[in-house]
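Numbers restart at 1 for each chain; the letters A, B, ... are given by sequence-line order, proteins then strands.
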Amino acid sequence: MKSPISASKQCIHRLLKPQKSSTTTTTTNLRRLSVAPDPIQPPSHEQLTQSAITNLKSTDDWTNNTILHQQLLSLPSNFLPKIARELETSIKALKFFHFINGNQSLSPLSLSSVFQVVIELAIREEDSVSLVNLLDLSKELKIPLSPHSATLLMRYFFRVKKIQNSVLVYEGLDPDVKTIGVKNTLLDLLMKSDRFRDARHLLDEMLEPDVKFPPNEVTLNIILPSLLRWNLGNENENENEKILGLVPKFGIHGLFPSNIWLTQLITKLCRSYRNDKAWDLLHEFMKFGKVEVAPCNALLSGLGKARNYDRINLFLKEMKENGIKPDVVTFGMLVNHLCKSRRVDEALDMFKKTREGIDGICIKPDVILYNTLIDGLCKVGRQEEGLSLMKKMKSEDNCIPTAITYNCLIDGFCKSGEIERSLELFDQMSNEGVNPTVVTVNTLVDGMCKHGRIGNAMEFFRKMQDEKGIKGNVVTYSTLISAFCSVNNIEKATSLFEEMESLGSPDALSYYSLISGLTQAGRPDDASFIASKMKKAGFHLDLVSYNTLISGFCKRNKLDKAVEVLKEMEESGMKADGITYNTLISYFSQKGDFETAHKFLKQMINDGNVPTVVTYGTLIHAYCLAGNLDEAMNIFNEMLITSKVHPNTVIYNILIDSLCKHGKVERALSMMDTMLQKGVKPNTTTYNAMLKGLSSTKRLKEALILMDQMRNQACDPDYVTMEILNDWLSAVGEVEKLRRFVEGYQVA
DNA sequence: GTAGGGTTAG
């Protein structure tokens, strides 16, 4: 089969052969050439060029024009490419090339430069067939391509999606022509064509210590954006990683990615859960000593997300050793970490020290640092201190509070139930020209809902929509939906859900709010319906959602439905966890179906879940309910012996309660002794169970001792305690003892 | 590097 390429090749070869031509045209051309403007002066090079061009363009038949040939060769060589370019088509230019080719006096360089013009013209004509032929011709005639035309050719083939031809162009080049510009071009094209393996081989070659054309800034700028574009999990990941591994080798040539690039690279790696890679890479660069604080912060942030505190501390030490000074961002992260671990005083201490420069580093705090601290204070219920800190940031550091500052404080006051203070702050921010955001609205809506003011929340939201143009988002809606579900107003919840659907797609959490609300409102079937709608919308129920649904069906005594959800969960590839199994074991055993409960226990263990104290607790609870105290005690004793899972307060409470209910108050008391011996702290429920047991057997003396014990352990009585004691003590005329107990005095 | 929505079992 004959390819179009070979056909075109024949056409080019025909052009190669000199053609016989008539002499008449030669004379005409000669006559034209001799027409010079000034008979005395010999024609200038420009004039000669101009007339040659006219000659060459007016007729095709000049291949045997020896005078023209001589005239052309008398011109300085830099005029020849100019003439070739004027011929406008690659065919004509090629013909011109052949016309002057073969002359000994012509340097290979000028021949080559004419050939480059042919290529340029062919590229402009977008004729890839003839370009391939020209490439062959250049090899055949041993005309070296210039770096410029090699570049043009490679880019052209890339443009027409024939990257393999670009590679061939490169491979056919003389080593001298493979300049850094040429190499960079190929590297760029390979990366852009996703040929990472070839790119890596080329780069590896380019980075050799003693190469003729060492890499430059451009080389780095080619590979870095490409590495930043790379997606995790694609088939090129491996190659991308290998290329990344080559980046430090630029250091041999005195090149480093800028700190901006480095920061982006580290961030990207950390976000793709490649902290180890980020760590290694940054350490490679630290050897060259050009690393600034920004990429270090990126790494610290990644380590923080992974809670790798050992490495954080080690790295902070290394930064110090390498003379990299932490900045306000570094401290922002450290302060944030302390705040999020509720170690607010340590955070305040660090803030104070760095602000005053006590440990040798002086940092001027910015608004983010203040916001972090204010939020930290609010999150532990110290919103009043947060408020004073806001005043301090204005007066002492000239920091203007932002919407975030106010949002933190508003949330703090909302969470403590001081909705009015939150609303005052809301007014204050408006007065100070700080615009509330949708987060401000959501915080207040949530605060009002959580404190039983759902109507106010709804009103406030509508007012914000009308007056401030804050439309509300999925968070607003899902907050309101949960709230309405919690007061069993399913109609309002559903209508809000529909309103949200009409505004845009609800997110998984909004679906979850409704599902969870319906489940808790005792309507697991409706919840299941929304769950199927959620799946149709492309969301998957997560583990928590599945567990909530399962427990919802269990609570409504629809165990078969619960098992159905479990099956569906497994089918969708979601693995049941300990909580799922605990829920099922709990309800099946409570119904007295210990066989199924044990079946789930077995399945749970086979599934790789270790039974926890909750698992044993549910079984003990169920055996107690079934009146099988012996089996309950067996499980309890087994826990004590195997000592893998220790009974906790809940388990002792179940047993104490059950023993008391069965009139075995003596054994309950000794159970409480065991509890104390084992260092398990009794709580209000423990005392309530025990006091109830003692009251039923009228053992007042022991009860009074327990009441004192309760006080000493700072265990507050609740309404259950008061009910038991009130009934009992007033019946036996010991109300005075109860009064003393309430006021916190000794009673025994 | 900072703010808002749910968390299931005894």
Side-chain angles (χ1 to χ4, degrees), chain A residues 294 297-298 300-301 304-305 326-337 339-340 365-376 378-379 402-412 414-415 436-447 449-450 472-483 485-486 507-517 519-520 542-552 554-555 577-587 589-590 611-622 624-625 647-655 657 685:
Chain A
N297 287 338
L300 286 169
S301 156
K305 285 201 182 84
D327 63 0
V328 66
V329 177
T330 323
F331 279 103
M333 287 188 289
L334 297 176
V335 164
N336 189 37
H337 169 244
C339 285
K340 291 278 137 62
D366 62 0
V367 61
I368 293 183
L369 196 54
Y370 270 111
N371 288 347
T372 308
L373 280 166
I374 289 171
D375 188 52
C378 289
K379 288 265 150 56
T402 61
I404 294 182
T405 324
Y406 279 102
N407 290 346
C408 297
L409 287 165
I410 288 173
D411 190 48
C414 275
K415 291 261 151 65
T437 65
V438 67
V439 177
T440 323
V441 174
N442 292 343
T443 308
L444 274 159
V445 164
D446 184 60
C449 287
K450 290 264 159 63
N473 60 14
V474 282
V475 179
T476 333
Y477 282 96
S478 79
T479 306
L480 286 164
I481 289 168
S482 312
C485 284
S486 72
D507 67 348
L509 220 57
S510 314
Y511 276 103
Y512 177 81
S513 291
L514 192 56
I515 292 167
S516 160
T519 310
Q520 258 133 46
D542 63 7
L543 191 61
V544 176
S545 328
Y546 272 119
N547 285 345
T548 316
L549 258 180
I550 288 174
S551 98
C554 285
K555 273 182 194 143
D577 73 344
I579 292 177
T580 324
Y581 284 115
N582 286 345
T583 310
L584 289 163
I585 291 168
S586 160
Y587 285 96
S589 58
Q590 268 182 58
T612 63
V613 66
V614 176
T615 320
Y616 291 113
T618 59
L619 283 169
I620 289 173
H621 182 60
C624 284
L625 280 176
N648 61 10
T649 307
V650 176
I651 293 202
Y652 281 101
N653 289 351
I654 295 167
L655 287 168
D657 184 53
T685 313

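- Residue A:Val335 is out of contact with every strand shown, counting any heavy-atom pair closer than 4.0 Å.
- Among the nucleotides B:dA9, B:dT7, B:dG1, the one closest to the side chain of A:Val544 is B:dT7.
- A:Tyr652 pairs by the ring pair (Phe, Tyr, Trp, His ring centres under 6.0 Å) definition with A:Phe636, not counting sequence neighbours.
- One atom, CG of A:Leu373, and another, C1' of B:dA3, lie 14 Å apart when rounded to the nearest Å.
- A:Thr476 comes within 4.0 angstrom of nothing in the nucleic acid, heavy atoms only.
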side-chain hydrogen bond (donor to acceptor under 3.5 Å, both in side chains) evaluation trace for A:Thr440 with A:Thr437 | CA-CA 5 Å; A:Thr440 323; A:Thr437 65; 3.3 Å; yes
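- At whole-Å resolution of the value, OH in A:Tyr370 and P in B:dT2 are 18 Å apart.
- To the nearest 0.5 angstrom, A:Ser486 atom OG is 12.0 Å from A:Ile481 atom CD1.
- One can place OH of A:Tyr546 at 19 Å from P of B:dT7, the figure rounded to the nearest angstrom.
- One can place NZ of A:Lys555 at 8 Å from P of B:dT8, the figure rounded to the nearest angstrom.
- Between B:dG5, B:dG1, B:dA3, one nucleotide has an atom nearer to the side chain of A:Val439 than all others, and that is B:dA3.
- In terms of polar N and O atoms assigned as donor or acceptor, the side chain of A:Thr618 never comes within less than 3.5 Å of the base of B:dG10 in a complementary pairing.
- Among the heavy atoms of the strands lying under 4.0 Å from A:Thr443 are primed sugar atoms or P, OP1, OP2 only; no base atom is included.
- In this structure, CD1 of A:Ile654 is placed 14 Å from P of B:dA9, rounded to the nearest angstrom.
- Here B:dG1 is the nucleotide among B:dA3, B:dG1, B:dG5 with the atom lying nearest to any side-chain atom of A:Asp366.
- When each of B:dG10, B:dG1, B:dG6 is scored by its nearest atom to the side-chain atoms of A:Leu369, the top-ranked nucleotide is B:dG1.
- The only option from A:Ile374, A:Asp375, A:Ile410 that meets the side-chain contact (heavy atoms from CB on, under 4.5 Å) definition with A:Thr405 turns out to be A:Ile374.
- Within the nucleic acid shown, A:Asp657 has no heavy atom closer than 4.0 Å to any nucleic acid atom.
- Checking B:dG10, B:dG1, B:dA3 against every side-chain atom of A:Val613, the shortest atom distance belongs to B:dG10.
- No engagement by A:Asn653 is indicated, since no non-hydrogen atom pair under 4.0 Å with the nucleic acid exists.
- The phosphate of B:dG6 has neither OP1 nor OP2 within less than 4.0 Å of any side-chain N or O from A:Ser482.
- Which of B:dG10, B:dT2, B:dT7 sits closest to the side chain of A:Tyr512 comes down to B:dT7.
- The base of B:dG5 sits with one of its N or O atoms less than 3.5 Å from a complementary donor or acceptor on the side chain of A:Asp507.
- OP1 or OP2 of B:dA3 has not a single side-chain nitrogen or oxygen of A:Lys415 nearer than 4.0 Å.
- Annotation: side chain of A:Ile620 is in contact with side chain of A:Cys624 (closest heavy-atom distance under 4.5 Å).
- One atom, CD1 of A:Ile410, and another, C1' of B:dA3, lie 10 Å apart when rounded to the nearest Å.
- Looking only at distances, no side-chain donor or acceptor of A:Asn547 sits under 3.5 Å from a matching main-chain atom of A:Ile550.
- When each of B:dT8, B:dA3, B:dG5 is scored by its nearest atom to the side-chain atoms of A:Ile404, the top-ranked nucleotide is B:dA3.
- No engagement by A:Val445 is indicated, since no non-hydrogen atom pair under 4.0 Å with the nucleic acid exists.
- For A:Ser551, the listed nucleotide lying nearest its side chain is B:dA9; candidates were B:dG10, B:dG6, B:dA9.
- For the OP1/OP2 pair of B:dG1 and a distance below 4.0 Å, the side-chain nitrogens and oxygens of A:Lys340 include no atom meeting the criterion.
- Atom-to-atom, CD1 of A:Ile515 to P of B:dG5 comes out at 19 Å; the value is rounded to the nearest Å.
- With hydrogens and angles ignored, a donor-acceptor pair closer than 3.5 Å exists between the side chain of A:Asn648 and the base of B:dG10.
- As rounded to whole Å, 12 Å separates atom C1' of B:dT8 from atom CG of A:Leu584.
- Closest to the side chain of A:Cys408, out of B:dA3, B:dG5, B:dG6, is B:dA3.
- Closest to the side chain of A:His621, out of B:dA9, B:dG10, B:dG5, is B:dG10.
- Here A:His621 pairs with nothing under the side-chain hydrogen bond (donor to acceptor under 3.5 Å, both in side chains) rule; sequence neighbours left out.
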